[in-house]
There are 2 protein chains.
Amino acid sequence: MENKKKSTIKDIAAVLGLTPSAVSKALNDHPRISEKTKIAVKEAAIQLDYQPNYLSSALRKGKSNLVGVIIPRVNSHFFSSVVENIEKVLNLNGYNIIMTQSNELYAKECQEIDTLLKIQVDGIIASMANETTNLEYYQKIKSKTELVLFDRGEEELNVDYVGIDDYKSSHLVVDHLVSQNCNRIAHIAGFQHIRIYKERIRGYKDALEKWNLESKENWIIESNLRLEDGRRIMQQLLGSSERPDAVYVAGDIAALGALQVLLENNIKVPEEIALIGFSDEPFTSLTQPSISTVNQHSDQIGKLTAEAFLERMKNPKKKTINRIILEPELIIRQSSDKKK
Amino acid sequence: MENKKKSTIKDIAAVLGLTPSAVSKALNDHPRISEKTKIAVKEAAIQLDYQPNYLSSALRKGKSNLVGVIIPRVNSHFFSSVVENIEKVLNLNGYNIIMTQSNELYAKECQEIDTLLKIQVDGIIASMANETTNLEYYQKIKSKTELVLFDRGEEELNVDYVGIDDYKSSHLVVDHLVSQNCNRIAHIAGFQHIRIYKERIRGYKDALEKWNLESKENWIIESNLRLEDGRRIMQQLLGSSERPDAVYVAGDIAALGALQVLLENNIKVPEEIALIGFSDEPFTSLTQPSISTVNQHSDQIGKLTAEAFLERMKNPKKKTINRIILEPELIIRQSSDKKK
DNA sequence: TATATTTGTTCAATCGATTGAACAAAAATA
DNA sequence: TATTTTTGTTCAATCGATTGAACAAATATA
């Protein structure tokens, strides 16, 4: 009763009295095959519910048409939006993607890389886990297949990259806070060993200097930027001798944690302390007050990353590296907008 | 300079002066191969950084060792936790998973199914999209490969299934609310065409009846259970002539939306209106007040689903269907706990 | 010593699709 | 009519690993 057999070109060939190779060529629109046979073959293929055996053609062609995508976590609007857009572009070009998440863990990331290499993907698009400092596994990818990075990338890997201008983002944030008459601006930061967070810190410091504002070392606190990190650090800032009048958080989730603590302590946001997050996660517009944040253009990043990947596939040994840096956009919401 | 060639058993054979078949057998611990050769071969394999070509062995064996997992969305703790646990169990058994999301859309789901079938997965584990009512594509999966469902499943598909007792969950919720002296209990529900939501509604009605409570039809409102749905429906309930004193929401995100509206209207939770969600998403313990909810044992569901799948793979033509139903657990938090 | 058994390896076919070369038939050109 | 060109198809090798059968050598048994 169960009829799980799949039909092959052989079956089609048998039905039409042709050879498998003629069928294959007909399906692939080979110029030497007559229109008549092509039509007959394609009809028979539909009749028999023929699905090409991906494994065999991939083996023969030396190309799986699968692309591995590694992201730190998927329950983030930024990453899932990027992946969605990568998928959209790659699907149009005949690729299918396999999405995996590292959960920000180095060990998991290594395991995922091994899996992807094992199933012979044609290339890997990745954004590195927070934990990752050892680049060995990324070197391994490079030695076996193509690699394109987005958002979280390391320059020394010397691969194609798409991201935003993190340094400039901090300037946008600080400039805006200054315009709101803030002058004691703290920064709940990500870890410096990750390039994007280092850049945000550098931008933050330079922007403060630009405005002749004090830059206190204990106003820059690095963390994993989880919700609980935001809460903990905000509490710490509130307890310090000199309270900031604005906090710039390098991630929205941590910013939410910080906001929770502020509200629990009956601190008026933005009047007493203004708050700005990073990434434009959807919930930032839903909180009370809504949270100002930086839009990273996840859709654009996804699209451009996929295009960079396709470019690389077309030209695997091109020496020049493609680095695409997008302009950040500050989204001003209630948490930093002191209307006069 | 770039050295992206991968070594094959041929290379190993050449190095050791053996034939490829001897190498293959040595690597697979064939009994007829001598210990000495096995050791030599395995050593050479490491030396040459040999990775078996997954495509060729999959083709030969007629088995890809890939399992497709389709979930409605990944930015939900429930689903990502289930997938994580499925992956854990399947990895131990030599399978790799390909995770895809339908985004609750029927069209996307169909597309993902086609992709998975195309790349010849050995089976598919899925939880159906909210939108899905046409089971044609799931029938297609059944006709081509193995299928196991969890959480969102349809009985008429007649496949292995793992989920919780949704009917009983509603009883737990209502019983608890009654114990808190609530007697006007509304239900923000999911759509009836999805079995789990239908069961929750049925349990809710029966539990009300059990306690001789009025069951008003306009206190059961179906939706997609997104945040905005929760907000909209809560507003609607507040505006109605007879306000409920408790609201049972069939999803945590919608419950969060409902809570936001309650707080915005300065309604005391749980004193004036008690609130209970569903799924035990992590944020439910972080809100102020924290939200009571139903724990679906996502880790267990993942583990058991994977095991059901493995069982099915071992015995593809077994006629009896495995239906595993777990006990729900009510987690009482501030939003429904009126301490005496 | 002759024969049977065990052991270690090679041979050759296979999975399904692809592809350049070969070939025959039809059409075009000289 | 003879020769070249075009067209439509088949042949055979290939991708890399697997596997049953075959074979030779070593060992055991009669």
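Residue numbers start from 1 in every chain, and the chains themselves are labelled A, B, ... in the order their sequence lines are given, proteins ahead of strands. For clarity, every value in this text was computed on a predicted model and none was experimentally measured.
Comparing C:dT18, C:dT10, C:dC15 by their closest approach to the side chain of B:Ala22 singles out C:dT10. Nearest to the side-chain atoms of A:Lys25 among the listed nucleotides C:dT18, C:dT10, D:dC11 stands D:dC11. Minimum atom distance to the side chain of A:Ser56 is reached by C:dA17, of the listed C:dA17, D:dG16, D:dT19.
Among all heavy-atom pairs drawn from A:Asn224 and A:Phe191, the shortest one is OD1-CE1, 3.4 Å. When all heavy atoms of B:Ile301 and B:Gln296 are compared, the pair lying nearest together is CD1-O, 3.3 Å.
Residue A:Thr8 is in sugar-phosphate contact alone, with no base atom involved, counting any heavy-atom pair closer than 4.0 Å across all strands shown. Nucleic acid contact class of B:Tyr50 (heavy atoms, under 4.0 Å, all strands): sugar-phosphate only. Backbone-only contact: B:Ser34 has heavy atoms under 4.0 Å from sugar-phosphate atoms and none from a base. Backbone-only engagement by B:Ser57 is indicated by non-hydrogen atom pairs under 4.0 Å involving sugar-phosphate atoms exclusively.
The CD1 atom of A:Ile33 sits 13 Å away from the C1' atom of D:dC11 (whole-angstrom rounding). B:Arg32 places its CZ atom 11 Å from the P atom of D:dA21, with the value rounded to the nearest Å. Straight-line distance from the NZ atom of A:Lys38 to the P atom of D:dG8: 9 Å, rounded to whole Å. Going from atom CD1 of A:Ile39 over to atom P of D:dG8 covers 12 Å, rounded to whole Å. One atom, NZ of B:Lys10, and another, P of C:dT10, lie 15 Å apart when rounded to the nearest Å. When rounded to the nearest whole Å, the span between CD of B:Gln51 and P of D:dG16 equals 15 Å. For A:Leu55 and D:dA17, the CG to C1' distance is 13 Å, given to the nearest whole Å. Rounded to an integer number of Å, the gap from B:His30 NE2 to C:dT10 C1' is 12 Å.
Side-chain N/O atoms of A:Asn28 include one lying less than 4.0 angstrom from OP1 or OP2 on C:dT18. Contact between the side-chain N/O atoms of A:Asn53 and the OP1/OP2 oxygens of C:dC15 is not found at any separation under 4.0 Å. Considering only side-chain N and O atoms, A:Thr19 lies under 4.0 angstrom from the phosphate OP1 or OP2 of D:dT10. Close to C:dT9, at under 4.0 Å from its OP1 or OP2, lies a side-chain N or O of B:Thr37.
With a 6.0 Å radius and a threshold of 12 heavy atoms from other residues, nucleotides or ligands, B:Lys10 has its NZ atom at or below the threshold. Counting heavy-atom neighbours within 6.0 Å of A:Gln139 CD, excluding the residue itself, gives a total above 12.
Both A:Lys61 and B:Leu18 lie close to DNA chain C; mapped to their nearest nucleotides by heavy-atom distance, the more 5′-ward contact belongs to B:Leu18. Across the interface with DNA chain C, nearest-nucleotide mapping of B:Arg60 and B:Val23 shows B:Val23 to be the residue nearer the 5′ end.
Atom CD1 in A:Ile70 sits 10.0 Å away from atom OG in A:Ser127 (nearest 0.5 Å).
For the residue pair B:Ser102 / B:Glu112, no side-chain donor-acceptor distance below 3.5 Å is found, with atom types taken as modelled.
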